[in-house]
There are 4 protein chains.
Amino acid sequence: MPKTNASPPGGEPVAQRGRPAGDHAAKRAEILKAAASVIAEDGYAKASLRKVAERAGYTTGAVTYYFANKEELVTALAESRFDRYDAMLEPARAKADIKLLYEQWLAMTTGDPEYWPVMSQLLTHARYEPALASIIEQRYARYHRLHTKILEAGQAQGTIRDDIPADLLADQLAAMGDGWMMMFPFEPERFDPSRVEALIDAVLTLIAPIPGTSGS
Amino acid sequence: MPKTNASPPGGEPVAQRGRPAGDHAAKRAEILKAAASVIAEDGYAKASLRKVAERAGYTTGAVTYYFANKEELVTALAESRFDRYDAMLEPARAKADIKLLYEQWLAMTTGDPEYWPVMSQLLTHARYEPALASIIEQRYARYHRLHTKILEAGQAQGTIRDDIPADLLADQLAAMGDGWMMMFPFEPERFDPSRVEALIDAVLTLIAPIPGTSGS
Amino acid sequence: MPKTNASPPGGEPVAQRGRPAGDHAAKRAEILKAAASVIAEDGYAKASLRKVAERAGYTTGAVTYYFANKEELVTALAESRFDRYDAMLEPARAKADIKLLYEQWLAMTTGDPEYWPVMSQLLTHARYEPALASIIEQRYARYHRLHTKILEAGQAQGTIRDDIPADLLADQLAAMGDGWMMMFPFEPERFDPSRVEALIDAVLTLIAPIPGTSGS
Amino acid sequence: MPKTNASPPGGEPVAQRGRPAGDHAAKRAEILKAAASVIAEDGYAKASLRKVAERAGYTTGAVTYYFANKEELVTALAESRFDRYDAMLEPARAKADIKLLYEQWLAMTTGDPEYWPVMSQLLTHARYEPALASIIEQRYARYHRLHTKILEAGQAQGTIRDDIPADLLADQLAAMGDGWMMMFPFEPERFDPSRVEALIDAVLTLIAPIPGTSGS
DNA sequence: AATGAATGAGAGTTCATTCAT
DNA sequence: GATGAATGAACTCTCATTCAT
């Protein structure tokens, strides 16, 4: 259903002159969705623009019309994924709630089984696609800052152990998440919901305050 | 250095034919080394048998002579890498020393800067190459058992916190390692030796016994 | 003559890109013609898509654009040849005229010296290409039914001997034709028009009614 | 079991001095047998020297040692097959018995299910391998003379119709056989023994003398 | 704006052949 | 006499990209 452009992009009741703007963005989004689906299914190495076009219901030419080349498609895909990620994490950021952060992060998995596979394909490939690498670096740095800030707040409140600098702690916990992301698509049976919950609980235990240490 | 037999001194290094002195296993190892190097440099997606052959100093035909097809090459590569990994971890296994385990694991990085990049490429691709996936699954399971056993021993001795089951702990710590492996090739500056040491110290702190809990 | 659109008069015939005016079916036919020509000239074993493309004036990619793979090309070729065959035999079918049938069949030879060589290559190869085999089987069965019917009509009219079942007779005569087809490309001098005519006359003699046998 | 040469090339107890002669010829024969088997199974186009070597239990080098190149292998194969054919037909030749001739020819089929497939592959390919073509031409010419002679004898005796020159009749009947040979590997179910017998009977009926025709 | 025919390079793979051993 | 490592060209097929329409 790509060619639905019935929705005027600004909701004009009367006007709607000329071509509907926003169409462009919507079609790009649709192609990106198809791209994610193809990458999840076939892996980055075997994902071709042809397959993406086919899955989106477009022609080969259309894909290269909306994205100058494969690199642009891939970077746009990464960007859109991170945007979604950020949006999802927003509540946790606002409340500085570490538990909520991890639960939201977990929700990405259950909500969209393609999310992690696609992300791990993009991350692993980033090393060989500078444009992609720079996007990921920026986004990860931003996420790292957010994560650190929440941990620091927790340490200040005494809800998180403070014998390890928040910065290091953030690195460790983020790595744990990345590691799971990488292994998840590959051994999904090891990541059923109840086990993932146990893992997250264990993380919270791991970073809980140590009795008799530090102090308000 | 595949062309070991005496080249006519002063003459053109003519194309090599016929039966050379070389040793089958050694040649395979040489090609695997070249394959690792190409994968590290160009990524799995762009690593071709042609490039591997070129880097090894052979022709394309020679590579497919030693490895029936790409799949066989890749699985042999994974296997050889895991063998190396296992050999390196042996001392830590023998002594059931968790700190040594992490330090040895860290040494893989400093010892061979290609090790992690290659591994992360193989792991990420495994999902789409069943033969590769099965190898990794087996090896990971073995490593996971070893890791769990060492942690259990530590818990029994009171050197590791026992409020989290060793099995879960192993999962978390292994994931951390995998996460670092994935991010390392991509943000190497974040993983200079001193920082990695700090990370490992922090891990040890994280799993250190909690005063006032459990105990003999 | 694929490059139909106006080439700059007097200019270099630049490589052709973009959407040309051509007609899909016509292009396929052109490629099939080239394929037939290559098979006739080099034999099935040495006929490659490259050669076919070259002979058609296209690149390799163009051939695989019009035919997903070699199997599809070959089966399409067989199909088109049989279509031509059927069309040619139609008048004989309509009149149930056995002599006309053989003469038309003979005309295939004189009309297109490639027809028999190509057919015999395809037939011989069919055993190892199931898709091709199934096409040939169907078409041959149809032709066999037609042939049998005409012979039966002849037997009923008393113009063909009836001491051998029409079905067996059809098998024998078809085999004769196949045998000639196979030997023709290989000993063409034995098949000059006058000799072929003599052979056909002899066939008609062979199946002429036997005096003193059966009959009304 | 090619490497049976348990006899030390100098340790014969009594006779058998030097290398056993005939060894060479025997090994060639073994390779030829393997070649026939591979051609029957995979078709000429996909029969490779590697597969032949493998099936014979030899090394790749051995095949090219015994046969300078593929062409020589193929022509030797054809020659050996024709020799076998000739030997089989010898009794029919000696007795000038046409029925025996066809029955012997039929026996080739039931005796060795590979015979016809291999032959039809070689015949079809002969057009593109001059050396092979010349062998076949010679052998076919010889067979044609034999066939004609037997038919002539039959005509003289009044056991075969004489309203068609023996030469033309031979051509027709040989073509019938070739046609069956070509179709047999490809529709074997149409050639069960009882049907083949019916076909041969019908041939004999076809060439039986015509009452009221010819002379004394 | 969008198409889809066509390119041309490069992928994995196969192969007959060569030749030092 | 026989081996089997290695070549190098050719194979089928895939792909990102271009561009006349």
Side-chain angles (χ1 to χ4, degrees), chain A residues 3 19 23-24 27 45-53 58-71 73, chain B residues 2-3 5-6 14-24 27 45-53 58-71 73, chain C residues 2-3 5-6 14-24 27 46-53 58-71 73, chain D residues 2-3 5 9 19 23-24 27 45-53 58-71 73:
Chain A
K3 317 209 170 153
R19 297 192 55 269
D23 216 24
H24 197 263
K27 291 198 176 171
K46 294 201 175 160
S48 73
L49 295 189
R50 250 189 192 51
K51 283 183 202 157
V52 170
Y58 288 98
T59 60
T60 51
V63 172
T64 50
Y65 176 75
Y66 283 104
F67 299 93
N69 50 41
K70 201 181 183 182
E71 182 184 316
L73 171 67
Chain B
K3 316 210 171 153
N5 61 341
V14 177
Q16 186 64 26
R17 286 286 182 82
R19 168 187 278 176
D23 159 26
H24 196 88
K27 296 260 168 98
K46 296 206 172 154
S48 71
L49 295 189
R50 266 177 179 65
K51 282 184 201 157
V52 171
Y58 289 98
T59 59
T60 320
V63 171
T64 54
Y65 175 76
Y66 283 101
F67 298 93
N69 50 43
K70 198 183 184 181
E71 181 183 314
L73 172 67
Chain C
K3 319 215 168 143
N5 62 342
V14 178
Q16 185 66 25
R17 285 287 182 83
R19 169 186 278 177
D23 160 25
H24 197 87
K27 296 259 169 98
K46 296 206 172 156
S48 72
L49 295 188
R50 261 176 179 59
K51 284 183 198 158
V52 171
Y58 290 98
T59 59
T60 319
V63 171
T64 54
Y65 176 76
Y66 284 101
F67 298 93
N69 50 43
K70 198 183 183 181
E71 181 184 313
L73 172 66
Chain D
K3 314 202 174 159
N5 61 347
R19 296 191 58 267
D23 216 26
H24 196 263
K27 291 199 176 168
K46 295 201 174 159
S48 73
L49 294 190
R50 248 188 192 51
K51 283 183 202 157
V52 171
Y58 288 98
T59 60
T60 51
V63 172
T64 49
Y65 175 76
Y66 283 103
F67 299 93
N69 49 41
K70 200 182 184 183
E71 182 184 316
L73 172 68

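Every chain is numbered from 1 and lettered A, B, ... according to where its sequence line falls, protein lines coming before strand lines. Note that this is a predicted model, so its numbers are computed, not measured. These values consider heavy atoms only, across backbone and side chains, with no hydrogens, waters or symmetry-generated copies.
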- request: Calculate, to the nearest 0.5 Å, the distance between atoms CZ and OG1 belonging to B:Arg50 and B:Thr60 respectively.
  value: 5.0 Å
query: Could you give the CG-to-P distance, from D:Leu73 to E:dA16, as a whole number of Å?
result: 10 Å
task: Provide, to the nearest angstrom, the distance between the CG atom belonging to D:Asp23 and the C1' atom belonging to F:dA2.
output: 12 Å
field: Counterpart base for E:dT17, defined by Watson-Crick or G-U wobble contacts under 3.5 Å
entry: F:dA6
- prompt: With a 4.0 Å cut-off on heavy atoms, is C:Phe67 in touch with a base, just the backbone sugar-phosphate, or nothing at all?
  reply: nothing
- prompt: What heavy-atom pair brings A:Ala53 and A:Val63 nearest, and what distance separates the two atoms?
  reply: CB-CG2, 3.5 Å
- prompt: For the atom pair NZ (D:Lys27) and OH (D:Tyr58), what is the distance rounded to the nearest 0.5 Å?
  reply: 5.0 Å
query: Between A:Tyr66 and E:dA2, is there a side-chain N or O to OP1/OP2 distance below 4.0 Å?
result: yes
- prompt: Which pair of non-hydrogen atoms, one from A:Lys46 and one from A:Lys51, has the smallest distance, and what is that distance?
  reply: O-NZ, 2.6 Å
- line: Using Watson-Crick geometry (N1-N3 plus N6-O4 or O6-N4) or G-U wobble (N1-O2, O6-N3), each under 3.5 Å, E:dA1 is paired with none
- request: Measure the acute angle between the ring planes of A:Tyr65 and A:His24, then classify it against the limits of 30° and 60° as parallel, tilted or perpendicular.
  value: perpendicular
- prompt: For the pair made of OH in A:Tyr58 and P in E:dA1, what is the distance, rounded to whole Å?
  reply: 14 Å
Which protein N or O atoms sit under 3.5 Å from an N or O of nucleotides 10-14 of chain F?
{"from": "F:dC11", "atom 1": "OP1", "to": "C:Ser48", "atom 2": "OG", "distance (Å)": "3.0"}
{"from": "F:dT12", "atom 1": "OP1", "to": "C:Leu49", "atom 2": "N", "distance (Å)": "3.4"}
{"from": "F:dT12", "atom 1": "OP1", "to": "C:Lys70", "atom 2": "NZ", "distance (Å)": "3.1"}
{"from": "F:dT12", "atom 1": "OP2", "to": "C:Leu49", "atom 2": "N", "distance (Å)": "2.8"}
{"from": "F:dC13", "atom 1": "OP2", "to": "C:Lys70", "atom 2": "N", "distance (Å)": "2.7"}

